[in-house]
Amino acid sequence: MPEFVNGFVRGGSIHLLTRTPSGVQTTTYPAEYVAFVRHADLPGDLERHLSASQFVSSARREGAFLRLGFRSHAFRDALCQSPKSPLAQHGIATYEGDVDPVRRWLTDHPEATIQRPRRCWLDIETDSRVPAKRAKEGAARVLSWSVIADDPRRVRFDVLKADTDTAEAELLGRFWEAVADLDQVLAWFGDIFDFPVLKLRSKARRVRFDEDRLLFLDHAELFERHNKNSSQSGEEKQSMALQNIAVASGVAGKLDEEGLIPGKAMGAQTWEMWEAGGEWRDRLVRYMVRDTETMRRIEGKNGYVALQSTICEACTLFGDSRSLKPTRQLDAFMLRLGAARGQRFPTRRFFDEDVADQHDQFKGAYVMDPKVRGIGKDIHVVDFSRMYPANILTFNMSAETKKLVPVTGPIPEGCCRTPTTGVGFTTAEPGLLVVALKELLRLRKEWSKKQASLPPGTTDWEDAGRRSVAYKVAANSFYGVVGSPFSRFFDRAIAESVTQTGVWLLKMTIHAAEERGWKVVYADTDSCFVQGPTDEEFTAFAKHCNEVLYPEALKKCGCVENAVEIAYEKKLSRVVFVSAKRYIASYAHYKGKAATSDSKPEIKGIEYKRGDANKLARRLQAQVIDLLVGGLKVVEGAPSDDLSRYHELVSKMRSHVLDDALPLDEVQIAQKMTKDAGDYKNAPPHVRVAKMLAERGEDVQEGARIAYVVTDGSVSPMTVIPAIDYTGQEADRHYIWEDKVFPPTRALLEAAFPDEPWEPWAKTRPPKVRSKKSAEGQLELGQQPTLSPLPKPSESAVGDRSPTVKKPKEFVAVLDQSRLPGRDLTVVRDIVARHPGDRPLVLDLGLEGGRRAKMSTIFTCDGSEALAEELKRFRAAS
DNA sequence: AGCTTTGGCCAGTCCG
DNA sequence: CGGACTGGCCAA
């Protein structure tokens, strides 16, 4: 059985590489650019014309198709892609006319399998004097490289001997020698740095190497794709930098780097360290080798690279970065399956961007607005198992099983029809999509079973588990690929039928639960949250859905099969819904297994889980989450309904934001720049900062994560600075509190305690004083009052729910805030009360809603040392 | 150059 | 001020 580790096209041939213990064996075949045409579609004269054409190198019948071979992709494109081609003119479809010769060969040879590559990790360092952006383009000299092979484990590295082109050429030459007996190279963000740099520099130095021979796989990209599925906190999403991921994965401690230039990042002083020579040059190499080793350890921890290899084997793909794309995976898998059954798939069209943008979206899932007020208790949750695959299976959905049926009325014999989209499918023979899906699910089951039969923790056990996951991943990507206009299998009607059948099933379930007198409080896509039943009643409900409700409903649609199934997933003991897709909850049980005090809460959608939220916003949310549902273990004695505990946390965080020294990580926000800086209509803050950085020559390209600090959030557009410019002073504290930290927690608190007033903590920023007024001498130059409504948490709105007249808000004004040590207004009010008659003032105040009011308040107004002292004493005493 | 989907929330900018 | 719009990130 032929096994291949890699393959490529060169000089009119395909080269297929086989790894042997002694080296790599190459097998070559002529490169075939093939397109199929359905014989029945083809008028006789056109067939003769094609067969005789000088551009067509071969033409032969294969089943119902005419197989046309071309000498180059240019000839084939002219026939298959151009709207002016004779086939397009006749409205004749072509099939698989975009498939590249290597994929063609692998598709036509079902006996060929994919070999597991000999793998290594790579890291390089380049001259730091060249801006990263230019370095990527190959403008910086390579200073060093390191390669760590996995099996057998082996570390190699090398350093530039002299700052000359000759020395660099030798260094690069030794790199390609070092990887000569390896098949796959992984590097962190290798696709955008290490790989192109090595290739560009080697070309520039005229170093001989074979770039096609190796599989280049971007480890960061791979990690990101596989890690999306695993639930994380926002803290872990902060950065994709290698050392951050290493710390989060538990394979490295906090970064401990000491470069030649203190306070400067390692990457920014590679040149200086290399030039210093001796111990510094050694240290540069050590850090580089450590980074390389870190990648290997990350893999040891999560096994994503091994999983990717398994996916490649399952789909017949070579293990480079392209194998990470779901369209590629499914394409390779389905082409083979189709070929085995004598079926061909449509030629994939190459859209230009306009066409892609024009494509209409199809309708998606149903999401219910949450119906719980306050803290919800004892909520049962059912969810459909693999809902979208199940819908495809049940309705036998596939491009070639589609059948035109009346949208309403009786369903023709031998057909089923989706209930809401009215798309018909034959039930006579299984569709290809269904066959593929069944095959993947069968394999998944087989490997899960196999895993269960093996001793846990062994290599075989792990491998079986990975195979099981690989098949699940592939099966779950089906729906998305069918819904993608870039995919060969794009079919809007099918994609929409999948989602809308899901909507139909979910709403049917909601209705059935409500019929029993229970309350459905939330639902999203494939899950349904229900309040009212006992555990036993709800178990019976799920059983009834599976045995009666769905089978009967699907039968009426003409379905012969039924893969639809719901499961009683969990009971939640306490739930707080902020809005759709945003809630927190503690478990009563999960799949029947009772939760313990160690059980982590379920947290969805809120800032705590977002990588672009402010750190303090996440911290305050974490504390409040702990009080509300428990499990995070950041607050003592949680959970609790004692409001004063919440007040305390909020007040404490507010004084921290307003008064304490704030380190960078507490004031910065980081967001990804998803496109080129110039392509934005209204540049958002992170893009404006990116532009500032770019002007300094820093590397801020599409995809970069930009960290910034807001220095004035009260103007539009806001003023911002790059995070690296922050010295500890510039942050707009009011903005941080009013816009970043408090609102996310306020949303949680208002959801949990809707009758309590949470507004009082919201505002801290003094209103802008009109220049006219301040010129009148009431306020001294440079002084602005800090105005804030007093929090009055103690008299909570128990009797205050009726729409009575709103009480006027109380305000306290404190002058010269810069000289006050604190702004804890309850404290200030007390102080004020104990200083009657000092000096009355009438202030012109900005109230909420743009109103203004005159207010006379009695307090010490000179911002004197005396008040500062008084505050200190009061705090010490209380 | 190549690309898994839609639904939803929230922050920010611009404009009337 | 509010609404239209863009952009980022998350749930499923």
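Letters A, B, ... mirror the listed sequences (proteins, then strands); counts begin at 1.
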Separation of A:S233 OG from A:L632 CG (nearest 0.5 Å): 9.5 Å
When you get a sec, tell me which of [options] is the closest nucleotide to the side chain of [X]?
{"X": "A:N682", "options": "B:dC14, C:dG7, B:dC3", "result": "B:dC14"}
{"X": "A:T525", "options": "C:dA11, C:dA12, B:dC9", "result": "C:dA12"}
{"X": "A:R328", "options": "C:dA12, B:dC3, C:dG7", "result": "B:dC3"}
{"X": "A:F486", "options": "B:dG12, B:dT5, B:dC14", "result": "B:dT5"}
{"X": "A:K363", "options": "B:dT13, B:dG8, B:dG7", "result": "B:dG7"}
{"X": "A:R348", "options": "C:dG7, B:dC3, B:dG8", "result": "B:dC3"}
{"X": "A:K740", "options": "B:dA11, B:dT5, C:dC9", "result": "B:dA11"}
{"X": "A:Q361", "options": "B:dG7, B:dC10, C:dC9", "result": "B:dG7"}
{"X": "A:K681", "options": "B:dC10, B:dT4, C:dT6", "result": "C:dT6"}
{"X": "A:K237", "options": "B:dT5, C:dG7, C:dC10", "result": "C:dC10"}

Tell me the interatomic distance from [X], atom [atom1], to [N], atom [atom2], rounded to whole angstroms.
{"X": "A:I606", "N": "C:dG8", "atom1": "CD1", "atom2": "C1'", "value": "17 Å"}
{"X": "A:D679", "N": "C:dG7", "atom1": "CG", "atom2": "C1'", "value": "13 Å"}
{"X": "A:D739", "N": "B:dT13", "atom1": "CG", "atom2": "C1'", "value": "14 Å"}
{"X": "A:D732", "N": "B:dA11", "atom1": "CG", "atom2": "P", "value": "16 Å"}
{"X": "A:R618", "N": "C:dC10", "atom1": "CZ", "atom2": "P", "value": "10 Å"}
{"X": "A:F490", "N": "B:dT5", "atom1": "CZ", "atom2": "P", "value": "9 Å"}
{"X": "A:K675", "N": "B:dG2", "atom1": "NZ", "atom2": "P", "value": "22 Å"}
{"X": "A:R488", "N": "B:dT4", "atom1": "CZ", "atom2": "C1'", "value": "15 Å"}

Could you check whether [X] gets within reach of a base, just the sugar-phosphate, or nothing at all, counting any heavy atom under 4.0 Å?
{"X": "A:M387", "result": "nothing"}
{"X": "A:S579", "result": "sugar-phosphate"}
{"X": "A:Y366", "result": "nothing"}
{"X": "A:F362", "result": "sugar-phosphate"}
{"X": "A:R688", "result": "sugar-phosphate"}
{"X": "A:K581", "result": "base"}
{"X": "A:T327", "result": "sugar-phosphate"}
{"X": "A:R322", "result": "nothing"}
{"X": "A:G364", "result": "sugar-phosphate"}
{"X": "A:P744", "result": "nothing"}
{"X": "A:R610", "result": "base"}
{"X": "A:A365", "result": "sugar-phosphate"}
{"X": "A:Y583", "result": "sugar-phosphate"}

Which one of A:Y479, A:F333, A:F345 satisfies the ring pair (Phe, Tyr, Trp, His ring centres under 6.0 Å) criterion with A:F489? A:F345
Ring-face cation contact, A:Y366 with A:K507, 6.0 Å cut, 45° max: yes
So, does [X] get its side chain near the phosphate of [N], meaning an N or O under 4.0 Å from OP1 or OP2?
{"X": "A:H686", "N": "C:dG8", "answer": "yes"}
{"X": "A:T499", "N": "B:dT6", "answer": "no"}
{"X": "A:K609", "N": "C:dA11", "answer": "yes"}

A:H734 and A:P766: which non-hydrogen atoms are nearest, and at how many Å? NE2-CD, 3.6 Å
If you look at every heavy atom in A:K325 and A:E221, which pair is closest and at what distance? NZ-OE2, 4.1 Å
Could you tell me whether A:F216 and A:F195 have their ring centroids closer than 6.0 angstrom? yes
Could you go through the salt bridge (Lys or Arg N to Asp or Glu O under 4.0 Å) check for A:K199 and A:E211 one step at a time? CA-CA 7 Å; A:K199 292 173 191 173; A:E211 70 173 296; 3.5 Å; yes
Stepwise side-chain contact (heavy atoms from CB on, under 4.5 Å) check, A:F478 with A:M334: CA-CA 11 Å; A:F478 259 64; A:M334 290 288 289; 4.3 Å; yes
Please figure out whether A:V715 or A:S477 has its closest DNA chain B nucleotide nearer the 5' end. A:S477
